[in-house]
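In the text below, chain A, chain B and the rest are named by the order of the sequence lines, each starting its count at 1.
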Amino acid sequence: MTQTYISDIASKAGGEAEIKGWIANFRSSGKLMFLQVRDGTGVIQCVTSKKEVSEKAWEDARTLALESSLIIRGTVNKDDRAPGGYEIWVSDLEMVGASVDYPIAKKEHGDAFLLDHRHLWMRSKKQHAILRVRHHVIKAIRDFFDDKGFINLDAPIFTPNASEGTSTLFETEYFGDKAYLSQSGQLYMEPGCAAFGKVYCFGPTFRAEKSKTRKHLTEFWMLEPEVAYMDLDGCMDLGEDLLCFIVEQALKRCQPELETLERDLSRLECVKKPFPRIHYKEACDILVKKGTGFTPGDDFGAPDEEALVEAYDRPLIIHRFPADIKAFYMKCEDDDPETSLSCDFIAPEGFGEIIGGSQREDDLEILESKIKQHDLPRDAFEWYLDLRKYGTFPHSGFGLGLERTVSWICGNRHVREAIPFPRMMHRLKP
RNA sequence: UCCUCGGUAGCUCAAUUGGCAGAGCGGGUGGCUGUUAACCACUAGGUUGGGGGUUCAAGUCCCUCCCGAGGAGCCA
């Protein structure tokens, strides 16, 4: 008999099936035993009756514990009493691996304990659902760009220089030299878009920020598209289209997962074009009026972002931040060197900034002076300056934080649950 | 780095004013032919994060160190 995955069990109704998996839960009523078996694609109830299986199989069933691995063979029946609507009447049960004192119990656990057991925790229902949503968000992102003719051009992870200062970089030894783990692939996407027009990179990035909040990881995945001849408005349009597509795909493909997570779907269904777009100065006026204690000219703190987005049911785009609180490579307004052509996307419901983007500086002289202004080593950026020497061109791009996006879609407040093995200031294991 | 909160059984937590260290879950044993985080009975399980101090007496008060969580700053 060949293995049937639980996700396909309906097609076997009335017939025989073989399930290979693990015990998710079990209950016994004397001579009758109810096994909840999961195989990664779903969970199915397997009913075992003492008089219908061999003595050995019954004895094996009696020694089962949470997460014992086993192979079940039996008849698939439709039964409303079973969770999921189908159950298997077991004819044979084969133990594969014992599970002694499985640490994650059926009741509550604390965060630290669960994170220590992340390798096992991901088997449980909610975590399983979040990571499946992550998979679908990643697929939506790739489909979105691939369908628009983008080339996936990955950036290096070892880098010799910092794009935005060295204080938040992880340093590592590199054959007697220093190297840093990449905190952004953006500088490498700029030559990429000159070669291919439309490119994106999508991979892990590293920030040694000593942040201890539910929105921060030291290792997180970032999507960074970069498009030649695209201006700031195009950049905002692209981010808007992308987020709409991600949400649409999640609603289409992750219905059961979002249900498991008890996500309020109405909050996702209203994520449609157009997103509100407000100028930085307009945002300042709103905050001053609200009296949050915000000082115009500063960057927004988390409470400011929340105060701004609370009026909207979809992501809020704030554009044209003061140049001095943004990165050196951002282009400024032609008639106003104090104002950068930048944009941030703030997710609703307090999930924070999920996209940060800008039009890039394409003038050689201005870029040179900015590198000087920011006290950055010019020789590390020589190759980057070449792009302005050999056929400079306007271009824009943004970075989207995958885990924050997944958290928002899932309605889960911790980014650490949106990645299989989170890396945080106080956590390097498992 | 700073602020706040916390660390008691395998897990989640309780312990009154400083006065016998407890419960639920999980584990073990037994029972139960339709369970839905099953249920019922019995049972084992403790260096109260480490060190020092005050006291007749410390889980509880003081000092110190370690670890964790939330937040700030910074960011996606």
Side-chain angles (χ1 to χ4, degrees), chain A residues 24-36 43 45-52 62-63 65-66 77 79-85 87 89 99-117 121 124-125 163-165 167-169 183-186 202 204-224 239 293 298-306 315 321 325-327 343-347 350-357 398-408 413-416 418-419 424-427:
Chain A
N25 197 5
F26 59 96
R27 292 172 285 275
S28 118
S29 298
K31 310 289 179 278
L32 198 59
M33 219 181 281
F34 300 91
L35 311 175
Q36 309 295 330
V43 180
Q45 175 160 283
C46 299
V47 188
T48 311
S49 165
K50 187 178 181 181
K51 60 183 183 190
E52 289 175 39
R62 278 168 50 85
T63 67
L66 283 183
N77 288 321
D79 193 314
D80 292 337
R81 291 172 297 184
E87 65 183 17
W89 270 89
S99 170
V100 181
D101 297 336
Y102 186 68
I104 299 180
K106 287 185 240 173
K107 293 227 173 168
E108 71 216 294
H109 292 288
D111 298 334
F113 178 84
L114 290 169
L115 286 164
D116 284 340
H117 295 85
W121 188 26
S124 63
K125 211 175 170 191
S163 69
E164 303 169 52
S167 61
T168 61
L169 286 170
Q183 61 175 355
S184 165
Q186 186 227 310
F202 193 11
T205 53
F206 308 86
R207 302 216 177 152
E209 290 160 358
K210 293 186 176 171
S211 306
K212 284 167 50 98
T213 82
R214 58 173 193 258
K215 292 188 187 121
H216 288 85
L217 297 167
T218 54
E219 179 182 319
F220 67 97
W221 281 60
M222 185 152 66
L223 160 82
E224 294 173 280
D298 286 358
D299 208 349
F300 303 123
D304 301 318
E305 286 177 354
E306 257 175 78
F321 287 77
I325 57 170
K326 288 289 180 183
C343 62
D344 281 3
F345 286 53
I346 314 297
F351 289 95
E353 184 185 342
I354 50 176
I355 285 181
F398 61 79
L400 170 135
L402 176 64
E403 289 76 16
R404 285 188 186 175
T405 304
V406 172
S407 293
W408 166 49
R413 13 182 255 113
H414 295 277
V415 287
R416 63 187 176 205
I419 188 167
M424 293 171 289
M425 189 178 162
H426 291 297
R427 187 165 296 278

Show each protein N/O and nucleotides 69-73 of chain B N/O combination with a separation under 3.5 Å, one pair to a line.
unit_1: B:A69; atom_1: N7; unit_2: A:Lys212; atom_2: NZ; d: 3.2
unit_1: B:G70; atom_1: OP1; unit_2: A:His414; atom_2: ND1; d: 3.2
unit_1: B:G70; atom_1: OP1; unit_2: A:Arg416; atom_2: NH1; d: 2.9
unit_1: B:G71; atom_1: OP1; unit_2: A:Arg214; atom_2: NH1; d: 2.2
unit_1: B:G71; atom_1: OP2; unit_2: A:Arg214; atom_2: N; d: 2.7
unit_1: B:G71; atom_1: N7; unit_2: A:Lys212; atom_2: O; d: 2.9
unit_1: B:A72; atom_1: N6; unit_2: A:Lys210; atom_2: O; d: 3.2
unit_1: B:G73; atom_1: O6; unit_2: A:Ser211; atom_2: OG; d: 3.0
unit_1: B:G73; atom_1: N1; unit_2: A:Lys210; atom_2: O; d: 3.4

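Heavy atoms of A:Glu87 sit under 4.0 angstrom from at least one base atom. A:Leu217 comes within 4.0 angstrom of a base, heavy atoms only. A:Phe220 comes within 4.0 angstrom of a nucleotide base, judged by non-hydrogen atoms across all strands. Note on A:Trp89: a base of the nucleic acid sits closer than 4.0 angstrom, heavy atoms only. Across all strands shown, A:Asp344 has no heavy atoms under 4.0 Å from either base or sugar-phosphate atoms. Using a 4.0 Å heavy-atom cutoff across all strands shown, A:Gln45 reaches at least one base atom of the nucleic acid. Among the heavy atoms of the strands lying under 4.0 Å from A:Ile354 are primed sugar atoms or P, OP1, OP2 only; no base atom is included.
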Tell me, what's RNA chain B's dot-bracket, Watson-Crick or G-U with both distances under 3.5 Å, | for other-strand, [ ] crossing?
-> (((((((..((((.....[..)))).(((((.......))))).....(((((..]....))))))))))))....
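Partners of A:Arg416 according to the salt bridge (charged side-chain N to carboxylate O under 4.0 Å, His left out) rule, which considers only residues two or more places apart in sequence or in another chain, are A:Asp111. Qualifying salt bridge (charged side-chain N to carboxylate O under 4.0 Å, His left out) partners for A:Arg27, counting only residues two or more places apart in sequence or in other chains: none. Shown here are the salt bridge (charged side-chain N to carboxylate O under 4.0 Å, His left out) partners of A:Asp79, two or more places apart in sequence or in another chain: A:Arg81. Legend: residues meeting side-chain contact (heavy atoms from CB on, under 4.5 Å) with A:Lys212, ordered by chain and number and at least two apart, are A:Met425, A:His426. In this structure, the salt bridge (charged side-chain N to carboxylate O under 4.0 Å, His left out) partners of A:Glu403, at least two apart in sequence or on a different chain, are A:Arg134. Considering only residues two or more places apart in sequence or on other chains, A:Arg62 meets the side-chain contact (heavy atoms from CB on, under 4.5 Å) condition with A:Met33, A:Trp58, A:Glu59. Partners of A:His109 according to the ring-ring contact (aromatic ring centres under 6.0 Å, His included) rule, which considers only residues two or more places apart in sequence or in another chain, are A:Phe113.
Going from atom CG of A:Asn25 over to atom P of B:A37 covers 8 Å, rounded to whole Å.
The base of B:C32 has none of its N or O atoms less than 3.5 Å from a complementary donor or acceptor on the side chain of A:Arg27. Side chain A:Ser28 to base B:C32: a donor-acceptor pair is found below 3.5 Å.
Taking atom C1' on both nucleotides, B:G45 is separated from B:U4 by 35 Å, rounded to a whole Å.
Comparing B:A76, B:C11, B:U35 by their nearest atom to the side chain of A:Glu353 picks out B:A76.
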